[in-house]
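Scope of the values below: all heavy atoms of this structure, side chains included, with no hydrogens, waters or symmetry mates. So you know, we letter chains A, B, ... as the sequences are listed, proteins then strands, and number each from 1. The model shown is predicted, which means the values in this text are computed figures rather than measured ones.
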There are 2 protein chains.
Amino acid sequence: MTTTAARRDRQREQLIDAAERAIAERGLAGLKARELAREIGCALGAIYNLVRDMDELVLRVGSRTLARLDEALGHASQAALVKAPEDAAGRLIAVALAYSTFARKNPRLWRTLFEHRMAEGAEVPEWAIAEQMQLFRHIMAPLAALLPDADEQQRLLLGRTLFSAVHGVVAIGLEEKLVAVPRRELDHQIETLVRLVCAGLAADTGLIR
Amino acid sequence: MTTTAARRDRQREQLIDAAERAIAERGLAGLKARELAREIGCALGAIYNLVRDMDELVLRVGSRTLARLDEALGHASQAALVKAPEDAAGRLIAVALAYSTFARKNPRLWRTLFEHRMAEGAEVPEWAIAEQMQLFRHIMAPLAALLPDADEQQRLLLGRTLFSAVHGVVAIGLEEKLVAVPRRELDHQIETLVRLVCAGLAADTGLIR
DNA sequence: GCAAAATCTTGAACGCCGTTCATCGCGAGG
DNA sequence: CCTCGCGATGAACGGCGTTCAAGATTTTGC
């Protein structure tokens, strides 16, 4: 016999599954409460016993996307570390390329991470922010190897800058409005950017004072 | 005596004015057809004699934003050119900082340039794309001075990468979800990024082959 | 085991959105 | 001045997320 709470938990998973599929296939704008209700076989209003509102649902899908992204970056970093333990710059490039690859393979789910805006008065819950911060690990570790003498705060700032820069290249390269930049070209852009920054760091670490 | 066509043109300007104000004050989500009609004193349906739909209205507001952004970047580039004619890297930094400043002063209008998605089947009209491309002038000119020997296509690619990277830093730095990064810190991030890339270029121009 | 209470489910209804369209009134051409 | 066509009008349409009164179902207390 299944208790009510257990069944509700199961339905909540189904709901998030359905929402994830809808976003993956038709983007954030293609996520409709009525369609989800039809898909998981419940009444329209029942959705609001599973999640507070659509915002929460989007955040829960985002949480899954972040987890998969985190895994992908981790694998890339690990593989690069095994291949060339001394090449911190190579690890940074590997992570950046993995980021790009993930975005290209999951375009709509990835876009949703940045497109989504909370409803009028609502704030992003703390757990969602914490999950985003987790991603920085994959950049900070190679960066610490690259700049062992810089202080932690400088490295954090540079890590954020590097992440933002790579994100920008990917975001504009895969922009839906324009024709997407071909994979080879985008990878080349990213590699160039990270290499140039690393070369700049090697040439004069005083730049990040 | 005012002809009908002239009055319609005047009303169209009023409509775009009102839309621009609405977006500037409350963001893209705060743009409502009914409110615009009330504001410019016409019936709801009359809006659709002035523009095809809301998408076109947003694009026309975007066109104005791009024109002002273009002007701001032009001024910054010009000022840097007068101040230090030989310092191409300095001009790139000046343009990047001007971009950041514009984004900070016009956050919602600037965001709208990237947030906006056309309705289901609609494509971005060609004139809107052309306007965006115009912006690259301000990056390509200093870049040509910095890399006189690189071929044009390599420079174009690098210019797009640089623009995207700076855009990413600004976009994430001013992200609405999080607390905005303080101005000084953001400027420092941007300057560091551009300096590092330029230093990387100086260290080994082979990197962009 | 059964009645009572608490809880969950339901889908119609609400308010809002962009867009359309039958209708009407007014400015322009003869 | 008259008519006729075109632009203005706002109610209506379909769709959205969300709410809620009412009915169904499970849990509780004895």
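When the P atom of dT18(D) is taken as reference, atom CG of L31(A) falls 10 Å away, rounded to whole Å. In this structure, M54(A) places its CE atom 16 Å from P of dG15(D), rounding to the nearest Å. Here dA8(D) presents its P atom at 10 Å from CD1 of I40(B), a figure rounded to the nearest Å. Atoms CG (L28(A)) and P (dG17(D)) sit 11 Å apart, rounded to a whole Å. Rounded to a whole Å, the CD atom of E120(B) is 14 Å from the P atom of dG15(D).
Side-chain atoms of T192(B) come within 3.5 Å of backbone N or O of H188(B) as a donor-acceptor pair.
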Item to check | Derivation and outcome, side chain to side chain donor-acceptor pair (under 3.5 Å), residues N106(B) and R68(B) | outcome: CA-CA 10 Å; N106(B) 306 272; R68(B) 291 195 300 125; 3.1 Å; yes
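The closest side-chain donor-acceptor pair between T101(A) and R183(A) falls under 3.5 angstrom.
Between dA8(D), dG18(C), dG17(D), one nucleotide has an atom nearer to the side chain of A33(B) than all others, and that is dG18(C). Proximity note for Q11(B) (side chain, C-beta onward) versus dA8(D), dG17(D), dG11(C): the nearest is dA8(D).
Between P107(B) and L174(B), every side-chain heavy-atom pair lies at or beyond the 4.5 Å cut-off.
Shown for residues 44-51 of chain B: residues whose heavy atoms fall under 4.0 angstrom of DNA chain C, namely L44(B), G45(B), Y48(B).
Ring geometry, W110(A) versus F114(A): the interplanar angle exceeds 60°, so the pair is classed perpendicular (tilted spans 30 to 60°).
Contact check, R7(B) against dA8(D): a side-chain N or O comes under 4.0 Å of OP1 or OP2.
Position along DNA chain D of the nearest nucleotide to R34(B) versus R8(B) favours R8(B) as the more 5'-ward residue. Where R52(A) and K32(A) meet DNA chain D, the nucleotide closest to each residue was compared, and K32(A) sits on the side nearer the 5' end.
Ring-centre distance between H138(A) and Y99(A): not below the 6.0 Å cut-off.
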